[in-house]
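So the structure is just underneath, and the comments pick up after that.
So you know, we letter chains A, B, ... as the sequences are listed, proteins then strands, and number each from 1. The figures here come from the full heavy-atom set of this structure, side chains too, leaving out hydrogens, waters and symmetry mates.
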Amino acid sequence: MNEFEQQIYAAVYQIPSGSVATYGDIAKLAGYPGYARHVGKVLSSLPKDTQLPWFRIINSQGRISLKGTSLERQMARLREEGILVEPNGKISLKKYRWRELIDLN
DNA sequence: AGCCTGACTCCTA
DNA sequence: CTAGGAGCCAGGC
C-alpha cells in the first residue's frame with residue numbers, strides 16, 4: 001500500500017455520514033490535487049467488505065459514476081443515511097456536499 | 001516512445 | 001440538461 005492510497009483512505013474516512021464529496025475533493029484533501037481519476041482507481045480496488053464510506057464519493061456533476069448493480073448498491077447505501085438520490089443517480093451537491101474540512105484548508 | 005484506458009473535470013455548444 | 005472534446009495522470013502493452 002503506497003502513500004497515495006493511505007492519504008486517499010484517510011480523506012474518505014473523514015466524510016461524515018449524511019454528506020457526500022467529489023473525487024476531486026478527496027484528491028485535493030489528500031494532498032494530490034488533479035488526481036481525481038486516481039481516486040476512482042483506488043476505490044475500484046477496495047475489498048468488498050471495506051469499512052470505508054466509498055459510497056459517499058460521487059462526481060463533480062452530482063451524479064454517481066457507477067452503472068448497473070453497483071449503481072443500485074451505492075444509491076441504497078446513500079439513502080440509508082437519509083440522502084435523497086434520484087432514480088437516475090442524481091444527488092444535490094448543493095445540499096449534501098461535505099464542506100467543513102475542505103473550507104478549513 | 002506511442003497508444004489506449006479509466007468510479008474524473010471543465011468548457012463549449 | 002445532455003453530448004463532445006480536450007486536459008488530466010498513472011499504468012499496462
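At distances below 3.5 Å, at least one donor-acceptor pair connects side-chain atoms of A:Arg56 with backbone N or O atoms of A:Ile15.
The CG atom of A:Leu52 sits 8.5 Å away from the OH atom of A:Tyr13 when rounded to the nearest 0.5 Å.
Listed by residue number, the members of residues 66-86 of chain A with any heavy atom below 4.0 angstrom from DNA chain B are A:Leu66. Across residues 36-53 of chain A, A:Arg37, A:His38 each have a non-hydrogen atom less than 4.0 Å from an atom of DNA chain C (numbered order).
Between the P atoms of B:dT12 and C:dC8, the separation comes to 15 Å (whole Å). Taking atom P in both B:dC11 and C:dC9, one finds a spacing of 16 Å when rounded to whole Å.
For the pairing with A:Val20, the side chain to side chain contact (heavy atoms under 4.5 Å, CB included) check across A:Val85, A:Leu93, A:Asp25 returns one residue only, A:Leu93. Paired with A:Phe55 under the rule side chain to side chain contact (heavy atoms under 4.5 Å, CB included), one option of A:Glu81, A:Arg73, A:Met75 passes, and it is A:Glu81.
Distance A:Gln61 CD to C:dG4 P: 14 Å, rounded to the nearest Å. Between A:Tyr23 atom OH and C:dC9 atom C1' the separation is 17 Å, expressed in whole Å. Look at CD1 on A:Ile8: it is 14 Å from P on B:dC8, rounded to the nearest Å. The CD1-P distance, from A:Ile64 to B:dT9, rounds to 14 Å in whole Å. Here B:dC8 presents its P atom at 14 Å from CH2 of A:Trp54, a figure rounded to the nearest Å. Distance A:Phe4 CZ to B:dC8 P: 13 Å, rounded to the nearest Å.
In this structure, A:Tyr35 reaches the sugar-phosphate backbone alone: every heavy-atom distance under 4.0 Å involves primed, P, OP1 or OP2 atoms, never a base.
At most 12 heavy atoms of other shown residues, nucleotides or ligands fall within 6.0 angstrom of atom NZ in A:Lys95. By the neighbour-count criterion of 12 heavy atoms within 6.0 Å, atom CD of A:Glu80 is densely surrounded, having more than that number from other residues, nucleotides or ligands.
The two residues A:Leu78 and A:Ile91 have their closest heavy-atom pair at CD1-CD1, 3.4 Å. The minimum heavy-atom distance between A:Ala27 and A:Ala36, with the atom names listed, is CB-N, 3.9 Å.
The aromatic rings of A:Tyr35 and A:Tyr32 lie perpendicular to each other, with more than 60° between the two planes, well past the 30° mark.
For the OP1/OP2 pair of B:dT9 and a distance below 4.0 Å, the side-chain nitrogens and oxygens of A:Ser60 include at least one atom meeting the criterion. Look at A:Thr22 and you won't find any side-chain N or O under 4.0 angstrom from OP1 or OP2 of B:dC8.
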